Amino acid sequence: MTPHSTLPPIVITMGDPGGVGPEILLKLWAARTELKLPPFAVIGTLEAFSILGTDTSIEQIQDLKQTSKIFSKSLPLLSIKAVTKTTLGEADPRNGAAVIEAIDVAIQACLQKEASGMVTMPINKSSLYKAGFDAPGHTEYLARQCGLEDDSSVMMLANTALRTVPVTVHQPLETVPRSLTDQLIIDRAVKTATDLRDFFGIREPRLAIAGLNPHAGEDGMMGLEDGVKIVPAVRALQEMGINAFGPLPADTLFHEEARATYDAALCMYHDQALIPVKTLDFHGSVNVTLGLPIIRTSPDHGTALDIAGQDKATIKSSLNAVRMAAEMATYALGVKDD
Ligand SMILES: NC(=O)c1ccc[n+]([C@@H]2O[C@H](COP(=O)([O-])OP(=O)(O)OC[C@H]3O[C@@H](n4cnc5c(N)ncnc54)[C@H](O)[C@@H]3O)[C@@H](O)[C@H]2O)c1
Ligand SMILES: N[C@H](C(=O)O)[C@H](O)COP(=O)(O)O
């Protein structure tokens with residue numbers, strides 16, 4: 001019996017119904033046996049799946065406890081109250097309420113321990129913003145709905161070759177230097193080290209801290225943030241007993257030999273963190289939210305409106321997201337202790 005089978009199911013939100021989320025979920029469920037997937041329930045609307053003309057058996061459930069019993073023969077669907085009217089390839093703000101409700105239901109299921117973790121299929125940010133969603137993305141919204149400050153959750157992108165954490169995330173590049181503080185770097189690093197230990201079984205996490213400026217500021221000749229903000233943060237982390245080192249020139253951080261020296265690289269802004277991960281494995285990387293009282297993963301890609309409904313979407317990133325959530329749950333509950 002795999003450890004996860006002793007735990008509550010994973011729940012997966014449908015994401016934007018006009019995107020590739022629902023079709024990927026149908027593909028994952030269809031391959032559940034060969035992929036040895038743990039039982040999962042999807043949260044959303046029946047319409048988001050039926051619009052795909054699927055012949056998959058979908059069984060609506062009222063209680064997540066029904067998931068394991070149903071999973072082998074039907075896709076368990078926990079229906080939300082809001083409705084959707086889906087046009088594949090379009091992210092319609094009028095579906096925003098349903099997209100958000102699915103996320104809320106998943107968060108509550110995890111907080112109530114009715115689910116062991118949640119996976120979120122891609123949302124379309126601009127469409128949700130138009131629908132009144134006022135968080136930058138899932139990462140901040142999850143913190144808020146868990147009763148935390150928006151910026152207390154931490155985004156990590158991960159694949160088999162690399163893990164990176166952006167210290168600043170969804171903000172204009174011109175605001176990054178001002179937003180970067182030693183305290184923010186310390187906060188992100190502590191949460192990363194803690195969760196790598198608790199959810200990934202890494203007893204002594206090694207954190208490489210990237211510089212902000214070219215050549216990590218070239219001793220202050222190419223920018224001051226590295227010396228004024230990052231160096232003090234690294235010193236403070238070391239004094240806390242965390243194995244952090246840097247600031248390192250970001251262009252020397254991601255080749256194979258460098259990657260072997262750390263367990264995660266803390267990067268100063270979104271693309272400094274996400275470009276190397278998605279370059280190494282766009283179709284297999286996973287977006288993980290750290291610093292939460294619940295487990296959340298997500299595929300690293302978005303709604304892919306350009307291919308939605310055309311049976312072109314690969315499932316690997318979502319598959320890895322489901323597997324990672326299940327693995328994190330076994331560590332979290334001490335079921336698996338390498
Ligand atoms: N986890 C999430 O919720 C998440 C992640 C990233 C982006 N987004 C959002 O998605 C929207 C679109 O973002 P984008 O255009 O930057 O990136 P995207 O990932 O949606 O698309 C980029 C390119 O990758 C391709 N692609 C994406 N997923 C694929 C898959 N599974 N199989 C095959 N090809 C795939 C797309 O067809 C497109 O050509 C934005 O609103 C963005 O904020 C959400
Ligand atoms: N930058 C994220 C990525 O590329 O995976 C994406 O926007 C998702 O962010 P949230 O998980 O906060 O929605």
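Counting convention: from 1, in listed order, for ligands and their atoms alike. Please read all numbers here as calculations on a predicted model, not as lab measurements.
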Considering heavy atoms of the protein only, find what lies nearest to [atom] and give residue, atom and distance to 0.1 Å.
| atom | value |
| --- | --- |
| atom 9 (C) of ligand 1 | Ile123 O, 3.2 Å |
| atom 5 (O) of ligand 2 | Asn287 ND2, 3.3 Å |
| atom 4 (O) of ligand 2 | Lys278 NZ, 2.8 Å |

Under 4.0 Å from any heavy atom of [X], which atoms of ligand 2 are there?
| X | value |
| --- | --- |
| Lys125 | 6 (C), 7 (O), 8 (C), 9 (O), 13 (O) |
| Gly137 | 12 (O), 13 (O) |
| Thr139 | 10 (P), 11 (O), 12 (O) |
| His270 | 1 (N) |

Of [options], which has the heavy atom at the shortest distance from [atom]?
| atom | options | result |
| --- | --- | --- |
| atom 3 (C) of ligand 2 | Thr120, Leu274, Thr289 | Leu274 |
| atom 17 (O) of ligand 1 | Gly302, Ala304, Ala313 | Gly302 |
| atom 2 (C) of ligand 2 | His301, Met155, Arg296, His138 | Met155 |

Heavy atom of protein closer than 4.0 angstrom to [atom]:
| atom | value |
| --- | --- |
| atom 15 (O) of ligand 1 | no |
| atom 23 (C) of ligand 1 | no |
| atom 30 (C) of ligand 1 | yes |

Do [X] and [Y] pair up side chain to side chain, a donor and an acceptor below 3.5 Å, judged on atom types alone?
| X | Y | value |
| --- | --- | --- |
| Asp226 | Asn213 | yes |
| His283 | Thr314 | yes |
| Asn124 | Ser126 | yes |

*Would you confirm whether Glu101, through its side chain, and Lys81, through its main-chain N or O, come within 3.5 Å as a donor-acceptor pair?*
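Side chain of Glu101 to backbone of Lys81, a donor-acceptor pair under 3.5 Å: yes, one is there.
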_Under a 3.5 Å distance rule, please check whether Ser153 uses its side chain to pair with a backbone N or O of Thr139 as donor and acceptor._
yes
*asked:* Checking contacts here: is it the side chain or the backbone of Asp300 that comes within 4.0 Å of ligand 2, counting heavy atoms only? Could be both or neither.
replied: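 Answer for Asp300: backbone.
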*Which is it for Ser298 and ligand 1 at heavy atoms under 4.0 Å: side chain, backbone, both or neither?*
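Near ligand 1, Ser298 shows its side chain, while the N, CA, C and O stay back.
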*Does Asn124 approach ligand 1 within less than 4.0 angstrom via side chain, backbone, both or neither, non-hydrogen atoms only?*
both
What atoms of ligand 1 come within less than 4.0 Å of a heavy atom belonging to [X]?
| X | answer |
| --- | --- |
| Pro299 | 1 (N) |
| Asp306 | 36 (C), 37 (O), 38 (C), 39 (O) |
| His138 | 3 (O) |

Short N-O contact, [X] and [Y], less than 4.0 angstrom:
| X | Y | value |
| --- | --- | --- |
| Asp187 | Lys191 | yes |
| Arg235 | Asp182 | no |
| Arg206 | Asp263 | yes |

*Under a 4.5 Å cut-off applied to non-hydrogen side-chain atoms, are Val322 and Pro38 in contact?*
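With C-beta onward as the side chain, the pair touches.
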